Amino acid sequence: MEIAPKYSPREVEEKWYQFWLDKKLFHSEPDQRVPYTVVIPPPNVTGVLHMGHMLNNTIQDVLVRRARMQGKNACWVPGTDHASIATEAKVVKMLADRGIDKSSLTRDEFMKYAWEWKEEHGGIILKQLRRLGASCDWDRTAFTMDDTRYESVIRVFVDLYRKGLIYRGVRMVNWDPVALTAVSDEEVVYKESQSKLYYLRYYVEGEDRYIVVATTRPETILGDTAVCVHPDDERYSWLRGKRVIVPSVGRSVPIIMDEYVDREFGTGALKITPAHDINDYALGLKYGLESIDIFNDNGTLNAHGSSYAGLDRFACRKQIMRDLEAAGLVEKTEDYTNKVGHSERTDAVIEPKLSAQWFVRMEGLAKRALEVVEDDTIRFHPAKFKNSYRHWLENIKDWCISRQLWWGQRIPAWYFEKEGRTETIVALDEAEARTIAREQYAYTGDLRQDEDVLDTWFSSWLWPISLFDGIRHPGNPEINYYYPTADLITAPDIIFFWVARMIMAGEEYMDKVPFHNVYFTGIVRDKLGRKMSKSLGNSPDPISLIDRYGADGVRMGMLLTAPAGNDLPFDEAVCEQGRNFSNKLWNALRLVSGWKVASETISNSSSSDTSRTSSTNIPSNESAVQWMEQRMAQVLEEVERDFDQYRLSEALMATYKLAWDDFCSWYLEMVKPAHGEPIDRTTYEATLSIFTRLMLMLHPFMPFVTEEIWHQLEVEKLKLKIDNPDKVEEYPQFSILNSQFSIMNQRMPQSVYYDQRLLDEFDTAREVIAGVRNLRNTRGLSPREPLPLTYLATDSRFCISHFEGIIRKLGGISSIAAADAKPAGSLSFMVGTTECFVPMSQSVDKEAELKKLRDDLNYYEGFLASVMKKLSNEKFVSGAPAAVVEKERNKQRDAETKISALKAQISALE
RNA sequence: GGGAGUAUAGCUCAGCUGGUUCAGAGCGCCUGCCUUACAAGCAGGAGGUCACUGGUUCGAACCCUGUUACUCCCACCA
C-alpha cells in the first residue's frame, strides 16, 4: 500500500469523526467506572466559533480524552446558552431588516419569531466544534431554555423566593432610552468624550449669598433635592443647616454634609439628584431625600421638567443653560473630558434610572461559596484567581436578576389588585398562582404576570445540575453519578458571573461543590498583544485555520502557547508547527511500515560488523529499544506530573520532543536497517509497540492523526501474525480492526520504573556522536567515511559501553578504543571531562584551532578560580551541606582535568 | 482611587523547597546538506549583567526593601 509523502488531514479528520459518532464513542451512560464529567461553558446559541472557543474547547477535549483513556467514564456535555440580551438584539435586528418593529408585536408573536430564528440559526457553533474534534456526548446536547432547563430555572426561582432569598426592590439600572430597556453593567461601554463642566450658582435661601456647584449635566438640576459638601470643608462650614434654591426650578433644598464629596473636584460642592445618579441615589437613601424622576423612558423630560417637559434631554441641556445664563446663574463653563456610558447595542447615552427589579440575597450564598474555595475543596488553576474571587465575594452586592426583555425565562410572579393594594404571587405556573390567589387571598379575578425575564446567568448557574435534571428530580441516577463534575474550563472574565454562582447553586441545591477544579484559560490575543475582536478584524477564522493546518495542527498551536491563566499571543506560525508535527508522525509511519521484516528472528538487522560492539557485545538494536523504553517511561512520568498540575502546554511539549527528537531523530535512525535490508522481527515488534504507545500519549492532543496512524500500526501488527501479509485485507481480523476498534478505547500508558543511569549513559553517547558530527561538519570531513574513535580513559564516569554499537552506526565510527595518550595527527573534542579523538585527514587551520583552545582554557581557568574561591571560604565549607561541598570539589577536579587536557593540546599544536 | 499580577535569549515562556536540571525549552536566526520517511525535512551552531537598586546569606533568577515599566480585575467621580 502506497502512503502519500504528505499528510492530508482533511479526509482523515472527516473519516474518523464520523466513525466516532457512528460508534457512539463519545456517549456516556452511568456504569461501574469512575465518572469524569465536564460541562461545556455554553456558548451563545447564535454565536460563531472564535479563537477563545477553540482554546477553551481544545483544553476540555484534551482532558476528556485523556480521562477516557485512563479508564474513566468520561462525559462531556455540550449545549448552548440562550443569551437573552444578545439573542434578543439579533432577533430585533432581523425583524427590523424585514420591516417589522418589535413594538408592533405581541410577546407571543415575538417569541414565535425568536424560536424560529433560533432553530434556524442556532447551534452553528456546536457543528463547528465537531471540526475541532470535540468528543462531546452530542446525545446530551442541551439548551438553557429547553423544557428541562426552563422548568428548573422556574423551580429555583420559586424555591428561593419561598426561602426568602429572592425579593423585589427598587434599584438604579442602566437605562437605554432608545431600546427602552435596562441593560446590564457589562453592556455599558464607557467612551471618552469632550464635554463641559458647568459652574452654577445656588443661592442660599433667604440670603444674597450663593454657592457654586459644578456639574456636567445641568438638565438634571430639575431633579435636585440637595446640595452636598464635605463636612470638614471650611469653605462651606457657614452653610451648615442652611438651605439653597435650585436654579431655574426655584425649589428649596437642604445642604447636606458627607465625606463622599471630593473637595478637590470642581468647587467641592455637589448637587444631589437621587433619581438620576447612582451615587446620588445612595446619598438620597442615607439622608432620606426625595427622589424626583424628571425623564420619560425615551429620554425626554416629563412633567417634572415644567417648562422643559417634552424636550429631549440634550436639547433640554442647551436650553436650560441659555436660560440660566440669561438669569445670571452661571458662574463659568470649562471644557472637560470624561467618560460617558453608552449602550453597547444602540450607542445611546445610558440614563441611570430607578426601577423595580428582582434580586437574590447574596450574603449566605456567598459565604459558603467562599469557604469551599478557601479550603481548596475547589482548586483554581492558576491559584492567583483565588484573590479576586475572595475580594468579589467579600464585597458582594445582591444580584439583580430581572431583565426587561422577552427572550428568556419569564419571571413566575403574578400580580393583582385587591382593595387598592397590589399583591404578588410567586408560583410555578399560572394555575398554581390562581390556586394561591383563591385560597390565600380569596381572589378569582385576572392575574397579570411580570413582564420581565430572568438574567441569563440565572439559568447558567444551574448548568452542572440542570444538565442532569437534578433540580426537577433530585437524587436521580444521572445526577448521583455525574455530579459533582471534575473540571471546569473557562475564561477568567466570567469568574464572578458564572463560576462563583455555579458554586453557590451547587452548595444550595446539591450541598456539594459543582466541580473540583477550575482551569482558567488565558485570553487569545494577536501577535501584537491586542485582544481579538471583530472590529479590529484581527481574529482568524478558526474553521479556515483548520482547513489549512488540520484540526490537530490548530489544536497543537493553541496548546503550545497556552499556559493556564496566561494570555496567549496567537500566531498562525504555531499552527504550522502543529501541521508539521502531524506530517512528521505520518512520515515516521511511512518509514516503519515500509520496512521488510526478516523472516527469522535474528539479533540484529543490519548484519554488518559495525552494529556489533566488540567490547560488550550488545546488539545495537537491543540497546536502542532499551533506551527508548527508559526514555518513554521518563517522559510519561513527567507528563503525568504536568497533568496533575494542569500544565498542558508542558505536557504536550514533552511528548512532542519524545516523538520528534527521541523517537524519530534518534531511535528510528538507530534501528533503521541499511538500504534494502530487512529489520529483525524482535526490533520491529518493539518499534511498533513503542510507536503505538506514542500515539496513545499524543491522542488527547491530536486525536485525528493519532487515530489514523494507530489503525495502520494495528494493521502492521496483524501482518506479523498472519501467513500472507500481502493479503492482509482478506483476513477477518482486518475488517474487525477497521470496524470496531479505536485508539479512544485504548488505555493510556502509565509511567514505570526507569533506569536513570542508562539514560545518562546514552546522553554521553549522544554527545560523542554530536562531537563527531560537529567535526565532520566544521572540518569538511565526509559524512560517510568511517572514522576510528579513541578517547583518553582518565575519567571512570565516562561510560559508553552500552551504546557503542549506536555510536558506530550514527557517528559513522569504525572502531572505538580507549587510549592512554593523544594519538598523533588527530582532531579532538571534549565530552564532559573526557577527550575524544578522530584522525585528522587533512591539514587544519592551526591558528583558529589554537584560538579556540585558548578561549576554552581561559574559560575553565576562570571557572576553576570561582570554584576555588568558594572552597577556600571557611564559612562555605563549614556552613554548606556536605553534599554541596562535595559537588564543588567535583567541579574543581573536573575543571583541573580539562585544563590540563587543554594545555596538552595547545602545547602539542604550538 | 482599591486590589492582583508580570519583567529571564530576537519572540513566547519554563525554571518547584535558595546550592549541577542553574542559566533552559520551543519558535526564529546563522552555517552546511535535496544522506531513499519527511525541505512541512536532516546535521551542526550562535544568542541572556535573569528590568534596576539596596539588603539577608557561606551562596540569590529564586527571599526581603525600594525604583521603573507593563498587564489584568474592581470601583468610577460630579
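All values derive from a computational prediction rather than experimental measurement.
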Is the phosphate of [N], meaning OP1 or OP2, less than 4.0 Å from a side-chain N or O of [X]?
| X | N | value |
| --- | --- | --- |
| Lys6(A) | G41(B) | no |
| Asn580(A) | G41(B) | yes |
| Arg579(A) | A40(B) | no |
| Tyr656(A) | C27(B) | yes |
| Lys584(A) | A39(B) | no |
| Lys875(A) | U57(B) | no |
| Asn279(A) | C77(B) | yes |

Rounded interatomic separation in angstrom, taking [atom1] from [X] and [atom2] from [N]:
| X | N | atom1 | atom2 | value |
| --- | --- | --- | --- | --- |
| Glu638(A) | C16(B) | CD | C1' | 13 Å |
| Met556(A) | A40(B) | CE | C1' | 12 Å |
| Asp277(A) | C77(B) | CG | P | 6 Å |

Q: Identify whether the glycosidic angle of G47(B) places it syn (within 90° of 0) or anti.
A: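 What G47(B) shows is a syn base, its glycosidic angle lying within 90° of 0.
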Q. Tyr202(A): what forms a ring pair (Phe, Tyr, Trp, His ring centres under 6.0 Å) with it, not counting sequence neighbours?
A.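 Not a single residue meets the ring pair (Phe, Tyr, Trp, His ring centres under 6.0 Å) criterion with Tyr202(A).
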Q) Is the shortest heavy-atom distance from the side chain of Val330(A) to the side chain of Tyr198(A) under 4.5 Å? A)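 When only atoms from C-beta onward are counted, Tyr198(A) and Val330(A) do not touch, as no gap falls below 4.5 Å.
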Q: With heavy atoms under 4.0 Å as the rule, sort Asn338(A) into base, sugar-phosphate or nothing.
A: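 The residue Asn338(A) makes sugar-phosphate contact but no base contact.
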Q: Give Ala770(A) one of three labels, base, sugar-phosphate or nothing, depending on what nucleic acid heavy atoms sit under 4.0 Å from its own.
A: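 Touches sugar-phosphate only.
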From C-beta outward on [X], which listed nucleotide comes closest to its side chain: [options]?
| X | options | value |
| --- | --- | --- |
| Ala588(A) | A37(B), A14(B), A40(B) | A37(B) |
| Phe496(A) | G26(B), A37(B), C74(B) | C74(B) |
| Lys339(A) | A37(B), C76(B), G26(B) | C76(B) |
| Trp660(A) | A43(B), C42(B), G26(B) | C42(B) |
| Leu668(A) | A37(B), C38(B), G26(B) | A37(B) |
| Ser665(A) | U36(B), A43(B), G5(B) | A43(B) |

Q | Strand RNA chain B in bracket notation, Watson-Crick/G-U under 3.5 Å with | for pairs to another chain | A | (((((((..((((.....[....)))).(((((.......))))).....((.((..]....)).)))))))))....
Q.
Going by side chain to side chain contact (heavy atoms under 4.5 Å, CB included), name the residues that satisfy it together with Arg263(A), two or more places apart in sequence or in a different chain.
A.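 Residues passing side chain to side chain contact (heavy atoms under 4.5 Å, CB included) with Arg263(A): His230(A), Asp232(A), Asp233(A), Arg235(A).
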Q.
Suppose we call a contact any N or O donor and acceptor under 3.5 Å apart; does that hold for the side chain of Glu669(A) and the base of A43(B)?
A.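 No such pair is found, so the answer is no.
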Q) Quick check: are there more than 12 heavy atoms from other residues, nucleotides or ligands sitting under 6.0 Å from CZ of Arg171(A)? A)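 Buried by this count: over 12 neighbours within 6.0 Å.
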Could you write out each protein N or O paired with an N or O of nucleotides 46-50 of chain B at a distance under 3.5 Å?
none

Q: Write down the distance separating the C1' atoms in G2(B) and A46(B), rounded off to the nearest Å.
A: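 After rounding to an integer number of Å, I get 48 Å for this pair.
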Would you tabulate the nitrogen or oxygen pairs shorter than 3.5 Å linking the protein to nucleotides 18-25 of chain B?
{"residue": "A25(B)", "atom": "O2'", "partner": "Lys657(A)", "partner atom": "NZ", "Å": "3.1"}

Q) salt bridge (charged side-chain N to carboxylate O under 4.0 Å, His left out) with Glu896(A): which residues, sequence neighbours excluded? A)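 With neighbours one apart ignored, the set is empty.
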